[in-house]
There are 2 protein chains.
Amino acid sequence: MRIVGELINASRKKIRDDIKEKNRDVIAKVAKEQHEHGADFIDVNAGIFVGKETDYMNWLVETVQETLDTPCCIDSPDPKVVEEALKIHKGTPMINSISLESERYNAILPILKGTDAKIIALCMSDEGMPYTKEDRLKIADKLINSLVQNNVKPGNIYVDPLVHPIGSGNHLGNEFLKTIEAITEQYEGVHTICGLSNISYGIPKRQFANQVFMSMAITKGLDSAILNPMDQRMMANIVAAETLIGKDDYCMNYVEAYRNGLFDFNK
Amino acid sequence: MRIVGELINASRKKIRDDIKEKNRDVIAKVAKEQHEHGADFIDVNAGIFVGKETDYMNWLVETVQETLDTPCCIDSPDPKVVEEALKIHKGTPMINSISLESERYNAILPILKGTDAKIIALCMSDEGMPYTKEDRLKIADKLINSLVQNNVKPGNIYVDPLVHPIGSGNHLGNEFLKTIEAITEQYEGVHTICGLSNISYGIPKRQFANQVFMSMAITKGLDSAILNPMDQRMMANIVAAETLIGKDDYCMNYVEAYRNGLFDFNK
């Protein structure tokens, strides 16, 4: 599974202050820790600093890249910010995100041209956020086809169907899971991704519910996720679920994770 | 999910001694604890006592039924033992098991006649144990059809596809999961069941792997299981997975389980 480490996000109080004060050591440490715990991309988000987002975003990209070879996931709702960050990012980043909302779509698409960047494609359109598998697939289909027509490789597309809280409707988890399954089956090479913690919004014991839902999503084909790689049980769930679904020859990853202490918790 | 509590099984050293000495209090306590932790059926197995199995089995059934209203799951490879136990069991038991092995099939089928017993149907035939979804479905199809033709209600049939260790082949988990999905989709009203701990045979951290695999099996439709209901994390996984797959209106079971302390563990 491809892991995008989510911790360097200005919506988190502690990180916001560190970004504001440009505490290079802290950001470098959080990037490094996430890498060491399995992050393949380091998400960087400075979206809360209106008017100064480009400055902070570029500083974040520079700081992470001074520390690590791990690429960034450039996470901004503002295409201008993404464009500037892309100019200074070395290697191939991920971009979070494009969608079928015409404003965002038209602004992000030209930025992708000529790059090999990986792009998160949100199942969202000008008509709002879809709730059923069918409505999500309509958007995903348009997004995938138009991206491919614009020379984005299928393997660079990461579809995010968007998770809604199970507390808002008991079918919402299953609709999400069915979407993951359908995209995995219907679009060869295209990836699926999500930040799934929204599933447990409003119910108790959220971290546990998120871990269980991760195992379920992997069962349906989810192959990438935006999450906190320092959540040991979450990472253990991922390793175990991928082994059990058949993505781990001779259980080698499982046994290696065991030797490295990933399963060092009670029961 | 329907839970068959697996603890009263003579293959477990401690229980074997208690059965041999007919320690009524111990058996009653283990039955009661399993019921209190969510068992819908209490499995009783005295298969290790060759020649005396009927005596011990009948004593087990009597002891459990003196203690609880919860029905037994009469678990024996010997149709004679099942037949005798059925004569004294009050209410509607589950029987573990029939299969397509001709000897077992021909001996168990007449015992079912005229009862409303629930029957575990193992995907096993005279040709041995199947490993692929296709081979399992062939057996399941024959078993389901012939049971229904012999007046067994679909809702009384619990198909057990049999779990093979993931360490024996990385496709084996997925073949099992695909079988659960196919039976759930193709045979309305028919249940699926398993004792899934075999999946982790030969790999470390078995209990954890079993819990993750349970979430995955529920994602594919598994609605019954033979397990240790005292395994708190396993039961918590079941409650969470059933909520997340949409089988828990308004998350009521989840919230109730939380209030009752089922989620009282770290993280």
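Reminder, nothing fancy here: chain letters follow the sequence lines and each chain counts from 1.
Interface with chain A: from residues 215-223 of chain B, residues B:S215, B:M216, B:T219, B:K220 qualify, criterion being any non-hydrogen pair under 4.5 Å. Within residues 185-197 of chain A, no residue has any heavy atom less than 4.5 Å from a heavy atom of chain B.
For B:Y258, the part sitting under 4.5 Å from any heavy atom of chain A is the side chain, from C-beta outward, and nothing else. Neither the backbone nor the side chain of B:E242 has a heavy atom closer than 4.5 Å to any heavy atom of chain A.
The neighbour count for B:E33 CD, taken as heavy atoms of other residues, nucleotides or ligands under 6.0 Å away, is above 12. More than 12 heavy atoms of other residues, nucleotides or ligands sit less than 6.0 Å from atom NZ of A:K247. The 12-atom threshold is exceeded at CD of A:E36, counting heavy atoms of other residues, nucleotides or ligands nearer than 6.0 Å.
Residues A:L244 and B:A209 approach most closely at CD1-O, 3.5 Å, considering heavy atoms. Closest of all the heavy-atom pairs between B:F208 and A:N237 is CZ-N, 3.7 Å. Nearest heavy atoms, A:P204 versus B:Y254: O-OH, 2.8 Å.
Annotation: the span from A:I166 atom CD1 to B:Y250 atom OH amounts to 13.0 Å, rounded to 0.5 Å. Interatomic distance, CZ of A:F263 versus CD of B:Q207, reported as 13.5 Å (0.5 Å rounding). With rounding to the nearest 0.5 Å, the separation of CD in B:E181 from CD in A:E181 is 5.5 Å.
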Review item, side-chain donor-acceptor pairs of residues 170-178 of chain A, under 3.5 Å, at least two apart:
from: A:N170; atom 1: ND2; to: B:G246; atom 2: O; distance (Å): 3.3
from: A:N170; atom 1: ND2; to: B:D249; atom 2: OD1; distance (Å): 2.5
from: A:E175; atom 1: OE1; to: A:K133; atom 2: N; distance (Å): 2.6

Could you list the donor-acceptor pairs under 3.5 angstrom formed between side-chain atoms of residues 157-164 of chain B and any protein atom two or more places apart in sequence or on another chain?
from: B:Y158; atom 1: OH; to: B:R2; atom 2: NH1; distance (Å): 2.5
from: B:D160; atom 1: OD1; to: B:L162; atom 2: N; distance (Å): 2.9
from: B:H164; atom 1: NE2; to: B:P130; atom 2: O; distance (Å): 3.0

